[in-house]
Engineer: 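Have a look at the structure that comes next, please.
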There are 2 protein chains.
Amino acid sequence: MSSKKPTIYDVSRLAGVSIATVSRVLNTPDKVNPETRQRILEAIDSLQFMPKAEARARALQSTGRIGVITPFFTAPSFVQRLRGIASALGREKYELIIYTVESSAHLQSYLVSLPLTGNLDGLIIVSLAVEAAPMRRLMEAGIETVFIEFPHPDISSVQIDDVVGGRMAAEHLLQKGHTRIAFLGDTDLPEYAMHPVSMRLMGFRQAMQAAGLQIPPEFVRLAPYTHEKALQAAAELLQAPQPPTAIFAATDFQALGVLKAARQMQVKVPEQLAIIGFDDLDMAEYADLTTIRQHLDESGRLAVELLLTRLADPSRPPQHIHLPLQLIQRQTT
Amino acid sequence: MSSKKPTIYDVSRLAGVSIATVSRVLNTPDKVNPETRQRILEAIDSLQFMPKAEARARALQSTGRIGVITPFFTAPSFVQRLRGIASALGREKYELIIYTVESSAHLQSYLVSLPLTGNLDGLIIVSLAVEAAPMRRLMEAGIETVFIEFPHPDISSVQIDDVVGGRMAAEHLLQKGHTRIAFLGDTDLPEYAMHPVSMRLMGFRQAMQAAGLQIPPEFVRLAPYTHEKALQAAAELLQAPQPPTAIFAATDFQALGVLKAARQMQVKVPEQLAIIGFDDLDMAEYADLTTIRQHLDESGRLAVELLLTRLADPSRPPQHIHLPLQLIQRQTT
DNA sequence: AGAAAAGGTGAAAGCATTTTCATTTTATGC
DNA sequence: GCATAAAATGAAAATGCTTTCACCTTTTCT
């Protein structure tokens, strides 16, 4: 019932001595009279007293803590990464602490305080750009760090090549005979986060160029990362006088919006409109969406493994894992 | 060179500010002028200043840690709850620590160690059954606890009434004129976790009974929690000589499998087959699935609020919030 | 322009414990 | 007995940090 944590003062009061004596019982027991000591020990027991700060400091010192800094996870792709991380960390003796970031200032504040007061053994930073100075502090504080989706020469990372992915998607559509291909990306590019979508667009552009094709400017659409907006953008594309015959959506989540638009407009997929996504979310399989798989779960798992390796043996050099991309052909192309 | 460990005072002197400002740079960096902050950070770097965990713990009365114990989150519903929790906790000064549980023993081990070494201020336990003894220990350790989906008189909780939800789903289908209604639930009922699906089935049964209808035994199907298995179970139902005209899937995730089966078998939804799900996951909206919304994000958010309220004022009595369910009518019924 | 709100900062009051130092009590030697 | 060393204890200072409060600047609004 009484949830108040007892302090050394409570003990001293109960035992009828000063706090100094209580402290001595704890630290230098032989310096206090056996009878007094006994009385104080009883008081300690009956109050369930535990010198908290110390216990905490000690616990935090050695106990393994691994932090994950991630953009606030509305996007399913972050969730799937997190799932990979959690599953890899599951049986380890490490605690998993989640820091969600929702603004650049927020990220900065974490980067300032975590190395110093975070008590972390390791840190995984997902899809966020970190500047040189905070990074140096991280390293000096002895926190092993792994980036996901952010390359840095001195820090281990797990990356995918979004440019190649964009190219793969485009080449797949080209190979199916499409020439009028539109691109749908998202606009949610907070300045503090990576924006892989731009890279995918770049790859898409490269492939189109290589095939000698122009992309009409109105075929490159950006919409906020919601189903409705994606749906709306797709609808506008399809209502144009010369609509595209294929759409490359830079994220599966948006591809689903496109699919829904096609359904609503009675546009047959893939006959009248081919759709390809990117990510291979869980839902992509359900929706039979052709997509570029980037194995999100795996990226999280690998990040944890990189971290654990380095924690076990800090002399190991940083590694940079490039996760392969894979075209998953389903029903929408 | 200099042997003494630098303290916050050294930093403040070097940076020409008060110790308060240095402390703020560490704890609430956005509350200090960028230029000042920069100067202080430089001082910190040049002195290799490292705040002492013990002193910090002392000044900081609360440890600022909130744990979440959740079954290992493959299921999207857990993820959405977690999202609610993370978002509610976002700006608070609490750390969010995730403990994923994958077996009964695992859960027990957490319940044993967390009260002692966890250093937690609060704990949210999601969809897990906790016995009396471990719970007592939790309370004695002074860890405020909130349950999601597990009722207990002395502990705050956020619950939904799955029986009512099952009834709502059934009544909706009945009202649409269906009489041959099948039920599809999942079989993943680890002994340590709650199994709301059984409750939903119970509600479903009640409503059918109230309408004077029998449920043929073969119309109650259980399948593992994957798309494929749900799809397969649905296919079997639909291939029966007298197939159901409606299916109530106990989770949206499985409802999507049913939808896919219908699509593959060219069964028209909702004309030939009505489908209703449960949860209202993000995907439900995309799939235009009629479902019972249980507002998963909200349940996480509420749990955090309950916890914070009690942490702020432990004398507040435990609350039990019953989250209302809501029928979301979309295109599949 | 002046008033009100917001932003930034330092002085000082905690926080729970250890440690120093002075004081009281007890034991010891002659 | 009586000084005197030794032992036991408490008051208070110190620890290194956070946080509140009040004050002083800016900015914003009217």
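Here is the naming used below: chain letters follow the sequence lines, and residue numbers restart at 1 for every chain.
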Engineer: Ion pair present between A:Glu149 and A:Arg81, side-chain N to carboxylate O less than 4.0 angstrom?
Structural biologist: yes
Engineer: B:Arg316: what forms a salt bridge (charged side-chain N to carboxylate O under 4.0 Å, His left out) with it, not counting sequence neighbours?
Structural biologist: none
Engineer: Reading DNA chain C from 5' onward, which residue's closest nucleotide shows up sooner: B:Lys31 or A:Arg24?
Structural biologist: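 Nearer the 5' end of the strand: B:Lys31.
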Engineer: Taking any heavy-atom pair under 4.0 Å as a contact, classify A:Thr7: base, sugar-phosphate, or nothing.
Structural biologist: sugar-phosphate
Engineer: Can you name the nearest heavy-atom pair linking B:Met50 to A:Pro115, along with the distance?
Structural biologist: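 Result for this residue pair: CE-O, 4.1 Å.
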Engineer: Roughly how many Å is it from NZ in B:Lys52 to C1' in C:dT18, rounded to a whole number?
Structural biologist: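 Nearest whole value for this atom pair: 11 Å.
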Engineer: Nearest whole angstrom, please: distance from the P of C:dG7 to the CG of B:Asp30.
Structural biologist: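 From B:Asp30 CG to C:dG7 P: 11 Å.
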Engineer: Verify the contact: side-chain N or O of B:Thr21 to OP1 or OP2 of C:dT9, cut-off strictly under 4.0 Å; return yes or no.
Structural biologist: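 The answer is no; no side-chain N or O of B:Thr21 sits under 4.0 Å from OP1 or OP2.
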Engineer: Rounded to whole angstrom units, what separation is found between the CZ atom of B:Arg56 and the C1' atom of C:dT17?
Structural biologist: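 Spelled out: CZ on B:Arg56 to C1' on C:dT17 is 18 Å.
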Engineer: Can you measure A:Ile8 atom CD1 to C:dC15 atom C1' for me and round it to whole angstrom units?
Structural biologist: 13 Å
Engineer: Answer yes or no: is there an ion pair linking B:Asp45 with A:Arg137, defined by an N-O contact shorter than 4.0 Å?
Structural biologist: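 The answer is yes: the pair qualifies as a salt bridge.
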Engineer: What does A:Val22 touch in the nucleic acid at a heavy-atom separation under 4.0 angstrom: a base, only the sugar-phosphate, or nothing?
Structural biologist: nothing
Engineer: Can you sort out the partners of B:Pro134 under side-chain contact (heavy atoms from CB on, under 4.5 Å), two or more places apart, ordered by chain and number?
Structural biologist: B:Gln108, B:Leu111, B:Val130, B:Glu131
Engineer: Which sits closer to the 5' end of DNA chain C, B:Asn33 or A:Tyr9, going by the nucleotide each is nearest to?
Structural biologist: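 Between the two, 5'-proximity favours B:Asn33.
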Engineer: I want to verify a distance call: between C:dT17, C:dG10, C:dG8, whose nearest atom is closest to the A:Ile19 side chain?
Structural biologist: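 So the side chain of A:Ile19 is nearest to C:dT17.
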Engineer: Kindly give the heavy-atom pair with the smallest separation between B:Asp10 and B:Pro6, and that separation in Å.
Structural biologist: OD2-CA, 3.1 Å
Engineer: Identify the two heavy atoms, one from A:Leu120 and one from A:Ile66, that lie closest to each other, and give their separation to 0.1 Å.
Structural biologist: CD2-C, 4.3 Å
Engineer: Whole-Å distance between C:dA16 P and A:Phe49 CZ?
Structural biologist: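 Distance check: A:Phe49 CZ to C:dA16 P gives 10 Å.
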Engineer: Using chain B heavy atoms and a threshold of under 4.0 Å, write down where along DNA chain D the contacts begin and end, 5' to 3'.
Structural biologist: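 Answer, 5' to 3': D:dT15 to D:dT20.
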